[in-house]
Protein chains: 2
Amino acid sequence: MRRRTQGVLGGRSDRVVRRVLDAALGELARSGYAGLRMDEVASVAAVNKTTIYRRWPSRAALVTALVDRMRTPLRESPLPDTGRLESDLLEAFARRFTVGREVAGRAWARLLDERFNPEVEAIIGAAVETRRGEWRAMVTRAIDRGELPPGTDAQLVLDLVRAIVDARGAARRMDRTWLTLAVRTVLAGARAGTLRRGRQPRPRRRG
Amino acid sequence: MRRRTQGVLGGRSDRVVRRVLDAALGELARSGYAGLRMDEVASVAAVNKTTIYRRWPSRAALVTALVDRMRTPLRESPLPDTGRLESDLLEAFARRFTVGREVAGRAWARLLDERFNPEVEAIIGAAVETRRGEWRAMVTRAIDRGELPPGTDAQLVLDLVRAIVDARGAARRMDRTWLTLAVRTVLAGARAGTLRRGRQPRPRRRG
DNA sequence: CCAGAAGGCAACCAGCAGTTGCCTTCAGCG
DNA sequence: CGCTGAAGGCAACTGCTGGTTGCCTTCTGG
């Protein structure tokens with residue numbers, strides 16, 4: 001039997017896929033996940049709603065596919081390794097907001113904002129999880145270089161930076177200033193030994 | 001004409017108000033804001049949906065009233081002033097998660113998780129904004145005491161701690177460990193001078 | 001040129017916010 | 001005690017949206 005012409009750019013199907021994903025991207029950036037109306041996507045894509053549902057059984061599936069496509073270029077380039085953790089972190093995080101076009105950045109920010117939503121969390125989680133090891137390695141290298149005290153919890157460092165960065169959602173646009181602040185503050189904490197693995201940090205009186 | 005028997009505890013109306021708000025609290029803790037079904041609230045409160053809508057014109061209004069009631073005891077006690085910023089912050093933030101009963105804590109956490117939602121943000125914002133000055137004063141005192149370098153941006157310190165704390169939402173329950181981590185890390189950053197007002201912090205090579 | 005995959009169309013179901021019109025109950029005043 | 005008006009109950013309804021279904025049309029490649 002004839003297979004779907006996936007991958008053969010220019011086929012009827014692929015044209016539809018591209019148009020739907022493009023439309024979905026725009027709608028996601030505009031209205032966020034919760035506000036994304038399938039009818040609207042269909043109409044913008046100049047495609048029937050049924051067509052969308054035939055290929056992606058739910059909104060979650062559609063957005064998952066979209067995120068996957070968004071992150072494709074990202075997936076191909078390795079994480080930065082500048083020899084200095086601060087620069088590595090700055091660059092690595094900055095990339096998250098400049099995936100491809102401007103729209104994609106906004107769409108991703110909207111998703112982050114809605115990460116409380118189990119569906120969204122699953123989507124983001126799946127996308128991020130794959131590179132967790134690489135990210136951790138980035139921090140570990142810094143520890144080995146002596147930039148951070150031995151015993152520092154690499155994952156914790158990342159979690160903290162992410163927590164701060166993600167706090168800046170769609171409303172207030174992510175900017176370099178905030179990102180820098182997040183990275184420097186967390187690194188200062190780590191250097192002060194606040195982020196050792198396992199044991200509770202003891203209170204430190206100011207000197 | 002006879003007025004509503006508001007305030008006269010035990011009246012029919014007040015009993016209804018209490019039951020509806022209690023029910024709403026439970027539902028909010030269980031299902032979050034977006035998942036809060038008015039029919040369910042009505043049914044749990046053993047009250048008719050119409051009755052709810054007559055008093056609170058929308059879900060947002062209902063939750064606003066609920067939050068207002070939740071925060072009443074909090075509003076009455078001043079923020080801590082232990083003479084040490086770390087303790088102040090720890091205690092002040094810890095309170096947010098122990099407003100009254102256990103349920104209220106969970107409900108509040110759910111709200112925080114959904115703060116991306118404009119409606120929710122308005123609700124939270126209104127509740128929090130009122131004490132912004134007090135919080136800032138807490139940090140300013142510490143600067144005056146010399147705990148933090150002069151010129152430190154008090155609001156920024158608070159924003160950062162909040163960013164980290166809030167990252168722990170409903171799924172992973174807020175715990176003292178994470179809170180401590182957040183406070184200590186941000187304070188370490190602040191002591192290192194990362195959070196001066198206005199000017200961009202210069203990169204600091206590790207010593 | 002034709003079989004089968006993919007797309008279009010229209011009507012439909014289900015869940016839920018919010019509404020409406022009308023009836024019932026209750027508190028309290030005369 | 002009985003009346004009055006406010007507050008509550010009830011049931012049916014609108015409107016929106018995600019997701020479904022059955023059937024017909026179009027495109028594509030062998």
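Nothing here was measured: the structure is a model prediction, and the numbers come from that model. Quick note on labels: first sequence line is chain A, next is B, and so on, each numbered from 1.
Going from atom CG of A:Asp14 over to atom P of D:dT28 covers 11 Å, rounded to whole Å. Atom CZ in B:Arg19 sits roughly 13 Å away from atom C1' in D:dG9 (whole-Å rounding). Counting to the nearest Å, the P atom of C:dA17 and the CD atom of B:Glu119 are 11 Å from each other. The distance between atom CG of A:Asp39 and atom P of D:dT20, rounded to the nearest whole Å, is 13 Å. Atoms CZ (B:Arg15) and C1' (C:dT25) sit 12 Å apart, rounded to a whole Å. In this structure, B:Trp56 places its CH2 atom 15 Å from P of C:dT19, rounding to the nearest Å.
Of the side-chain N and O atoms in A:Tyr53, one or more sit less than 4.0 angstrom from OP1 or OP2 of D:dG19.
Between A:Trp178 and A:Phe93, the ring centre distance reaches or exceeds 6.0 Å.
You'll find that the side chain of A:Arg54 is closest to C:dG8, out of C:dG8, C:dC22, C:dG18. Picking from D:dG8, D:dG18, C:dG18 the nucleotide with the shortest atom distance to the side chain of B:Ser58 gives C:dG18.
Contacts between residues 40-52 of chain A and DNA chain D, defined by a heavy-atom separation below 4.0 Å, involve A:Lys49, A:Thr50, listed by number. Taking a 4.0 Å limit (strictly below) on heavy-atom distances, residues 31-38 of chain B reaches DNA chain C at B:Leu36, B:Arg37, B:Met38.
Using modelled atom types, one finds a donor on one side chain and an acceptor on the other under 3.5 Å when comparing B:Arg84 with B:Ser87.
For the pairing with A:Val41, the side-chain contact (heavy atoms from CB on, under 4.5 Å) check across A:Glu27, A:Arg19, A:Lys49 returns one residue only, A:Glu27. When the options A:Val157, A:Leu112, A:Val128 are evaluated for a side-chain contact (heavy atoms from CB on, under 4.5 Å) with A:Arg162, the one that passes is A:Val128.
A pairwise comparison of heavy atoms in A:Arg71 and A:Ala127 identifies CD-CB, 3.5 Å as the closest pair.
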query = side chain to side chain contact (heavy atoms under 4.5 Å, CB included) between A:Thr50 and A:Arg54: does it pass, once the steps are laid out?
reply = CA-CA 6 Å; A:Thr50 331; A:Arg54 255 194 289 260; 4.0 Å; yes
task = Report the C-alpha separation of A:Leu21 and A:Val17 in whole Å, then their side-chain angles, then the decisive distance to 0.1 Å, and conclude whether the side chain to side chain contact (heavy atoms under 4.5 Å, CB included) test is met.
result = CA-CA 6 Å; A:Leu21 288 186; A:Val17 168; 4.0 Å; yes
task = Show your reasoning for whether side chain to side chain contact (heavy atoms under 4.5 Å, CB included) applies to B:Arg69 and B:Asp22.
result = CA-CA 10 Å; B:Arg69 196 191 61 165; B:Asp22 284 347; 2.9 Å; yes
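Ion pairing of A:Arg196 with A:Asp153 is absent here, as no side-chain N (NZ or NE/NH1/NH2) approaches a carboxylate O to less than 4.0 Å.
Below the 3.5 angstrom threshold, one finds no donor paired with an acceptor across the side chain of A:Arg59 and the base of D:dG19.
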